[in-house]
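In this chain, residues are counted from 1 in sequence order. Just so you know, ligand 1 is whichever comes first in the structure, and atom 1 is the first atom listed for that ligand. Note that the structure is predicted; figures quoted are calculated from it, not measured.
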Amino acid sequence: MNLSTSKSLFDKAQQFIPGGVNSPVRAFRAVGGTPVFIRSANGAYLYDEDGNRYVDLINSWGPMILGHANPEVENAVIEAVRMSASFGCPTAREVEMAELICSMVPSIEKVRMVNSGTEATMSAIRLARGYTGRHKFIKMEGCYHGHGDSFLIAAGSGALTFGTPDSPGVTPGTATDTLVAPYNDIDAINAFIEKFPEDIAAIILEPVVGNMGCVPPHPQYLRDLRTLCDEHGIVLIFDEVMTGFRLAPGGAQELYGVQPDLTTLGKIIGGGLPVGAYGGKAKIMDFVSPAGPVYQAGTLSGNPLAMAAGLAMLKYLKHNGSVYKQLNETTARLVDGLRAIAQEQGVPVTVNAVGSMFTLFFTDQKVTNLATARTSDTARFGRYFHAMLREGVYPAPSQFEAMFISAAITPEIVDHILEAHRKALKEAIS
Ligand code: KE4
């Protein structure tokens, strides 16, 4: 497989960009080797700078749920860009987007657009602190909420991959107010509430985790968190940057029937362009400037191009609900095949899946939290990853990430992925 152009680009990139990438997980540090530089993508496929084609199983880490170069999204952006890319003034598209989000996510009565998932979660925590007058918040080990200082404690995704779940540069002062509990452990939450009865502003979590690999909530977990937050005046925040509009039009909160006080969104909401958002109960959101005292701002928030792309994608998802059935059926068939082939070969794996997100863990343990996710054989995952790449399939370049199915993945492409998996497993265990 010729990767010469990617190699020379990576050499040059490292002269000008830290680690040669603009987001750490892209550097292949967790799996070794040279990152593949992508030139274009269409439908289910990525095309690299050397002309190699891959079935895309990350889909930009979630946003490309309809497949790459979706015509409706593309045309919406082309139309918008002809009217100039940005005004820094209020626009009709932002009103339409806000109304559409509120119609799709019932717990959201008001919503503020930002430019990334990180901005959304940072703002949501600040808002919860401003609304309650309390300082501390609880996050779960292995959950990733972006790179805001207060979240880089026991964080997931790249922070976990690189063993820097507690990043340098985050001060002890910041860390004091971040309480960390194991995912799926309601007793640990009770213990924190007993210890800090009046000083916990919020509990934030991924309602279905993607960032330690895919880990679903225990059946009662979300409901128990809702009850505890109601009892103790704590703001419950669902970080649905990954699960929003993916697991259902109304996200994980629709799937599990538990409504948070605030929701953070990203990825799919921008149709591939940089968009984040946070929203929830009007009585809380009205604390956000200029309606209220909690300051938050952004030059390109609600940007016309990003709104055009996001509106096109969300409207499609809202009016073509059958796409979720297709996504979930495709994922179920793939996941069943992954498990069956591993079993045939006697390779211990755990495959966790919810809707159209999943992770193949190289462990024989049930993966229900960070401790069990960490029993995975990451070296074996690295060998598997490169073997899949050679077979023309692009999985997540880290054991501790979720993978995402797009609507462009057909049954024939699932067959290709499973054939690649059959070969890659043999190489991974050799
Ligand atoms: P961004 O700031 O990267 O737009 O969003 C941060 C974020 C917040 N919350 C959740 C649940 C997320 O999954 C993310 C970002 N996800 C990672 C994928 N594990 C982004 C990939 C990357 O860091 O390059």
Side-chain angles (χ1 to χ4, degrees), residues 17-31 35 38 56-65 113-125 139-162 164-165 167 183 202 204-217 237-247 251-253 260 262-278 298 300-301 303 306 309-310 354-355 357-359 370 373 394-404:
I17 307 170
V21 292
N22 284 313
S23 199
V25 72
R26 304 176 190 171
F28 281 16
R29 291 277 177 103
V31 293
I38 299 304
D56 187 4
L57 291 184
I58 61 167
N59 283 293
S60 183
W61 301 100
M64 311 315 278
I65 190 170
M113 305 310 297
V114 292
N115 299 281
S116 70
T118 295
E119 272 193 81
T121 55
M122 283 167 61
S123 308
I125 288 295
K139 76 172 287 287
M140 311 311 161
E141 278 176 337
C143 282
Y144 178 70
H145 304 294
H147 61 84
D149 275 9
S150 53
F151 297 119
L152 288 181
I153 289 120
S157 185
L160 179 58
T161 296
F162 299 111
T164 55
S167 169
Y183 191 77
I204 185 170
L205 74 156
E206 296 176 59
V208 172
V209 186
N211 288 294
M212 58 177 110
C214 179
V215 175
I237 305 173
F238 279 5
D239 179 354
E240 297 225 41
V241 166
M242 198 178 262
T243 55
F245 311 110
R246 170 155 294 272
L247 299 185
Q253 55 196 269
L262 295 178
T263 301
T264 55
L265 297 165
K267 296 180 190 281
I268 290 171
I269 192 175
L273 271 68
V275 179
Y278 63 104
L300 297 175
S301 295
N303 169 270
V354 179
M357 56 191 277
F358 70 98
T359 296
L370 181 59
Y394 193 108
S398 163
Q399 172 67 90
F400 305 115
E401 291 287 359
M403 288 183 269
F404 305 92

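- A donor-acceptor pair under 3.5 Å is formed between the side chain of Glu240 and the backbone N or O of Gln253.
- Put simply, the side chain of Tyr183 gets close to the backbone of Glu206: a donor and an acceptor are under 3.5 Å apart.
- The side-chain heavy atoms of Leu265 and Phe245, taken from C-beta on, include a pair separated by under 4.5 Å.
- For the pair Met122/His145, no side-chain contact is recorded, criterion being any heavy-atom separation below 4.5 Å from C-beta on.
- The immediate protein surroundings of ligand 1, defined as residues with any heavy atom under 4.0 Å of it, consist of Ser23, Val25, Trp61, Ser116, Gly117, Thr118, Tyr144, His145, Gly146, Ser157, Glu206, Asn211, Asp239, Val241, Met242, Lys267, Glu401.
- Considering all non-hydrogen atoms of both residues, Pro35 and Ala27 come closest at CD-O, 3.8 Å.
- The main-chain N or O of Glu401 is found under 3.5 Å from a side-chain atom of Thr359 such that the two form a donor-acceptor pair.
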